[in-house]
Structures are given as structure tokens and as C-alpha cells.
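Let me begin by presenting the structure, written as C-alpha cells, before commenting on it.
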Amino acid sequence: MPERPPLWPGVWRCVLACLLTVCLLTSGPATAGVEMRDVRLDHGDEGYQLSTDIGVTLSPRLAEAVTRGVALYFVLEFEISRPRWYWLDEDVVERALTYRLSYHALTQQYRVSTGALHQGFDTLDEALKLIGRLRSWPVIDSGRLKTGGSYVAALRLRLDVTQLPKPFQLSAMSNRDWTLESEWQRWGFTAQQAARR
């Protein structure tokens, strides 16, 4: 009577195939969130400038709200403090930049506004890339920092739910789908000498 081949290789093949299928079915779109990819504080003739590359992904509920005409406001918050061993840290500067993300059904375009400036985009992803991409934003003059002093910079990006329409503010309080913010990213640096003119 011929020997039967062991069942284990076939069983393992089946298990691996099932795992692969589950992975493919569950790997949908990226989860909502804010990812700090690249943050730089550069020193120049006029002082310090901030540049960022932040990945922003909306939850399906937030993306639907924008498409249905609800404007979303994102706030980029930046701080510099000076650590003190004998007392609370000294706040040196606090800056904020607000972006308004909206959708115009007539032109079928997403619009990102900051101050009086605005720009239109064909897709939501393109609009979100602009919100996360900042180049050479002047945050502080060199003269306000003591040369050689140690400072801590901090940055975060958040959805400002207080600027949503009132019914949506109530939803935001009880539903995590409306919450979108990064953790504070902090890093230390030593103040450089101001450039002489």
C-alpha cells in the first residue's frame, strides 16, 4: 500500500492563502490622521523660518462633509520656549496659521484659503498636500533669541472644530471621526547669532 503524503504542506499553503486574502481585503484607504514627515527650523538673515511636510488624511466622514459644502479649518500652531530649571518655561513666541478647506460644487474644485490668498485644486488629496506643505514661514526675528541660548520649538496641526457649524460641533464632541490632530512635535535648538548687515 503506497504511503500517503503528509497533510502539513497543504495545510500551511491554505493558511497562507487565507492570511493573504484577509490582508488584501482589509487594506483599504489610509486611516485618518496627521503625520509629521519633515519639519525644519532654518536660520537666515531675517531670523528663523519654518518649513514643513505634513501628511494629512481625512476620515470618510470629514471628506464627505467637505464635499457636501462644510468648510474645515486647520490650524498650524508653532511655539518657542526657553527652559528654566528654577521656574516654568518662558514662552518666547506663539504663532498660528489657519487654513480653510472648502469645496465649490459649481466649479467642482476644492479650495484652500489662508488669509486673503486662496488656491483651487481638482482633488481633495492635492488640497490636503498644500495644507501640509509650508515653506519658509517667518516665525521669529533672530534678535528675540539670546545667541547660544537653548530653546525648545514645538509644532502641531489640528482641525479646529470650534469653527464648524453648531450641529457639527456637537457631533465632534461625541464622535472621534471629527477629531483630527497631531501630537506636539518638540525639538531643542541653540540660537545662532543674527547676521550682520
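Here the structure is a predicted model, which is why all the values come from computation and not from measurement.
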[X] and [Y]: same hydrophobic cluster, using ILVMFWY side-chain contacts below 4.5 Å?
X      : Y      : value
Phe74  : Leu124 : yes
Trp85  : Leu88  : yes
Val66  : Val70  : yes
Trp184 : Leu97  : no
Leu134 : Leu41  : yes

Side chains of [X] and [Y] in contact at under 4.5 Å (non-hydrogen atoms):
X      : Y      : value
Asp89  : Val152 : no
His104 : Arg111 : yes
His118 : Val112 : no
Ile54  : Glu35  : no

- Message: Please confirm whether the ring centroid of Tyr110 lies under 6.0 Å from the ring centroid of Phe121.
- Response: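 So the answer is no for these two rings.
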
Grab the two heavy atoms, one from [X] and one from [Y], that are nearest each other, plus how far apart they are.
X      : Y      : result
Pro83  : Ser150 : CD-O, 3.5 Å
Leu155 : Met36  : O-CE, 3.7 Å
Val93  : Val139 : CG2-O, 3.6 Å
Glu46  : Asp141 : O-OD1, 3.4 Å
Ser81  : Asp91  : CB-OD1, 4.2 Å
Leu164 : Ala71  : CD2-O, 3.9 Å

- Query: So does Arg68 have more than 12 non-hydrogen atoms from other groups sitting under 6.0 Å from CZ?
  - Reply: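 At most 12 heavy atoms, drawn from other residues, nucleotides or ligands, come within 6.0 Å of this atom.
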
- Message: Atom CZ of residue position Arg133 - does it have more than 12 heavy atoms of other residues, nucleotides or ligands inside 6.0 Å?
- Response: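 For Arg133, atom CZ is not crowded (no more than 12 foreign heavy atoms under 6.0 Å).
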
Starting at [atom1] of [X], measure out to [atom2] of [Y] and round the result to the nearest 0.5 Å.
X      : Y      : atom1 : atom2 : answer
Thr190 : Gln192 : OG1   : CD    : 8.5 Å
Leu72  : Leu180 : CG    : CG    : 9.0 Å
Arg156 : Ser182 : CZ    : OG    : 7.5 Å
Glu77  : Arg95  : CD    : CZ    : 13.0 Å
Ile80  : Tyr151 : CD1   : OH    : 9.0 Å
Leu145 : Phe189 : CG    : CZ    : 5.5 Å

- Task: With side-chain contact (heavy atoms from CB on, under 4.5 Å) as the test, would you mind laying out the steps for Leu101 and Leu128 before giving the verdict?
- Result: CA-CA 8 Å; Leu101 172 65; Leu128 292 172; 4.0 Å; yes

- Can you check side-chain contact (heavy atoms from CB on, under 4.5 Å) on Ser51 and Asp42, steps first, answer last? CA-CA 8 Å; Ser51 297; Asp42 300 316; 4.1 Å; yes

- Message: Quick one about Arg100 and Tyr73 (side-chain donor to acceptor, distance below 3.5 Å, no hydrogens or angles considered), yes or no?
- Response: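 Arg100 and Tyr73 do have a side-chain donor-acceptor pair below 3.5 Å.
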
- Side-chain donor-acceptor pair present, Asp125, Thr123, cut-off under 3.5 Å: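 Side-chain D/A pair, Asp125 to Thr123: absent.
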
- Start with the C-alpha distance between Phe78 and Val39, add both sets of side-chain angles, then the distance that settles side-chain contact (heavy atoms from CB on, under 4.5 Å), and finish with yes or no. CA-CA 11 Å; Phe78 176 77; Val39 179; over 6 Å; no

- Message: Let's go through Glu181 and Arg158 carefully: what are the C-alpha distance in whole Å and the side-chain angles of both, what is the deciding distance for salt bridge (charged side-chain N to carboxylate O under 4.0 Å, His left out) to 0.1 Å, and is it a yes or a no?
- Response: CA-CA 4 Å; Glu181 67 180 23; Arg158 65 181 176 86; 5.5 Å; no

- From CA spacing to verdict: side-chain contact (heavy atoms from CB on, under 4.5 Å), Thr114, Thr98: CA-CA 6 Å; Thr114 179; Thr98 301; 5.8 Å; no

- Sub-3.5 Å donor-acceptor pair from the side chain of Thr52 to the main-chain atoms of Gly132, do we have one?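 At least one qualifying donor-acceptor pair exists.
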
